[in-house]
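First comes the structure, then the notes that go with it.
Below, read A as the first sequence line, B as the second, and so on, with proteins coming before strands; counting in each chain starts at 1.
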Protein chains: 2
Amino acid sequence: MDNMKLIGDLLHSHGLKKTPIRTEVLELFMDHDFALSASDIVAKMTAGHDRVTIYRALSSFEEHGILHRASEDGQGTKYALCGHKCPDEQHTDKHAHFVCDECHQTYCLEDVQVPEVEVSSEFTVERTSFVLGGICRQCQQ
Amino acid sequence: MDNMKLIGDLLHSHGLKKTPIRTEVLELFMDHDFALSASDIVAKMTAGHDRVTIYRALSSFEEHGILHRASEDGQGTKYALCGHKCPDEQHTDKHAHFVCDECHQTYCLEDVQVPEVEVSSEFTVERTSFVLGGICRQCQQ
DNA sequence: TATTTAAATGCAACTTAGTTGCAAATATAA
DNA sequence: TTATATTTGCAACTAAGTTGCATTTAAATA
Ligand SMILES: [Zn+2]
Ligand SMILES: [Zn+2]
Ligand SMILES: [Zn+2]
Ligand SMILES: [Zn+2]
């Protein structure tokens, strides 16, 4: 598990300082296969770090393409690394996401491409979000 | 413009009492071709009605299939009648929506069907939301 | 028309997500 | 080791949305 090395490189390659908080946040993302919100992270962080710092880390990671928005239901924005344990390129919004109505977890559906559609020339499309909702396997049994 | 008749029938057919506030809310939806949030409505309503009442009207209309959720960006949930001036059936989530990054207005793209996709059997899909973002014609000039 | 009652409204208070300004702390580079 | 830009913490704020409860009102019916 040399996530540490990975994280160091990732932060450095984006000109971001490697701080304990950022490191821990990225570790959390690598240790989960579902998306995390700011408050999820605050709850999972060891020490009692300030919410604001977490919000700023998430914004910064999003701006640098380290994280992408996976969903934004009323309970807050959830973020994810693009591929689970692949903190690399293509953190795009080109795949769909799934939100479970039961456990409220959000998953990246990396093998479900967001479809291309024809839209009236009245609109210039620059972003796309395709979010499916329902029940995940754990919540079904 | 016998929207009044339409609104009366609509409310009555759902067993909802016809009140001045609900009437005015539905008129607002009929008079706009973009989706409206609770605070949009509060701002456009004549008298100074309570926010809570508007939230409750919107929830009630959503439960009865009179309105559907068009988008929920960080700035709040926007609702729309299914067809502009067609307060009837099929207030489904089967069409896409467009959110303008400039004016922050949300439009129903009633001719853009939400695509059907194959999803891993790990997930049981019950809802779908397909939201496009970009710039609308007015904001492009 | 007058009475009754369930439904709708208003108000106050609360929760939660997210933001801003500023001072103090700290990661890195020289 | 020092200097500096970046990051963090704190306090305070905004905005969306919710809840409980008392009051009002639409509409059914007597
Ligand atoms: Zn679940
Ligand atoms: Zn994703
Ligand atoms: Zn626009
Ligand atoms: Zn719509």
Side-chain angles (χ1 to χ4, degrees), chain A residues 4-5 7-28 35-64 66-67 69-79 99 104 106, chain B residues 4-5 7-28 35-64 66-67 69-79 99 104 106:
Chain A
M4 288 319 280
K5 175 82 168 54
I7 288 173
D9 291 351
L10 183 59
L11 289 171
H12 192 259
S13 73
H14 285 97
L16 296 171
K17 288 183 180 172
K18 185 184 176 192
T19 66
I21 289 181
R22 285 177 174 169
T23 302
E24 200 175 346
V25 167
L26 290 178
E27 282 185 299
L28 281 176
L36 300 171
S37 68
S39 44
D40 291 338
I41 290 168
V42 170
K44 288 173 194 290
M45 291 279 286
T46 54
H49 297 294
D50 200 283
R51 290 182 318 124
V52 176
T53 305
I54 308 299
Y55 279 111
R56 288 197 269 231
L58 293 175
S59 299
S60 172
F61 291 161
E62 189 191 13
E63 277 163 27
H64 286 86
I66 295 170
L67 296 178
R69 274 165 202 253
S71 67
E72 23 197 347
D73 50 350
Q75 273 52 252
T77 303
K78 299 213 177 201
Y79 294 88
V99 178
H104 304 109
T106 297
Chain B
M4 288 318 281
K5 175 83 168 53
I7 288 173
D9 291 352
L10 184 59
L11 290 171
H12 192 258
S13 72
H14 284 98
L16 297 172
K17 289 184 179 172
K18 184 184 175 191
T19 66
I21 288 180
R22 286 176 173 172
T23 303
E24 200 175 344
V25 167
L26 290 178
E27 284 185 298
L28 281 175
L36 300 171
S37 67
S39 46
D40 290 339
I41 291 167
V42 169
K44 288 173 194 291
M45 293 277 287
T46 55
H49 297 293
D50 199 282
R51 288 183 319 125
V52 176
T53 306
I54 307 300
Y55 280 110
R56 289 199 267 232
L58 293 175
S59 299
S60 173
F61 292 162
E62 188 191 14
E63 276 162 28
H64 285 86
I66 295 169
L67 296 177
R69 272 164 203 254
S71 69
E72 23 195 349
D73 51 349
Q75 272 54 250
T77 303
K78 301 215 175 198
Y79 295 89
V99 178
H104 303 109
T106 297

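- The salt bridge (Lys or Arg N to Asp or Glu O under 4.0 Å) pairs that include a residue from residues 37-61 of chain A are A:Asp40-A:Lys78, where partners are two or more places apart or lie in different chains.
- A:Leu11 has its CG atom 18 Å from the P atom of C:dT26, to the nearest Å.
- Rounded to whole angstrom, the span from the CG atom of B:Leu58 across to the C1' atom of C:dA8 amounts to 14 Å.
- Taking atom CZ of residue A:Arg22 and atom C1' of nucleotide C:dA25, one finds them 14 Å apart after rounding to whole Å.
- Here the C1' atom of nucleotide C:dA8 and the CZ atom of B:Phe61 are 11 Å apart, to the nearest Å.
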Report all interatomic pairs (protein N or O, nucleotide N or O of nucleotides 27-30 of chain C) with separations under 3.5 Å.
from   : atom 1 : to      : atom 2 : distance (Å)
C:dA27 : N3     : A:Lys17 : NZ     : 3.2
C:dT28 : OP1    : A:Lys18 : N      : 2.7

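- Distance alone, capped at 3.5 Å, places no donor-acceptor pair between the A:His49 side chain and the A:Met45 backbone.
- Atom CD1 of B:Ile54 and atom C1' of C:dA8 are 12 Å apart (whole Å).
- For B:Ser37 and B:Gln75, the side-chain atoms include no donor-acceptor pair closer than 3.5 Å.
- Atom NE2 of B:His64 and atom P of C:dA8 are 8 Å apart (whole Å).
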Note to self: Counting primed atoms plus P, OP1 and OP2 as sugar-phosphate and everything else as base, spell out the protein contacts along nucleotides 10-20 of chain C at 4.0 Å heavy-atom distance: B, S or - for each nucleotide, 5' to 3'.
What the structure shows: BBBB---SBBB
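- Rounded to whole angstrom, the span from the CD1 atom of B:Ile41 across to the P atom of D:dA16 amounts to 12 Å.
- With hydrogens and angles disregarded, a donor-acceptor distance shorter than 3.5 Å links the side chain of A:Glu24 to the backbone of A:Thr46.
- With respect to B:Arg22, the side-chain contact (heavy atoms from CB on, under 4.5 Å) criterion is satisfied by exactly one of B:Leu16, B:Thr53, B:Ile54: B:Leu16.
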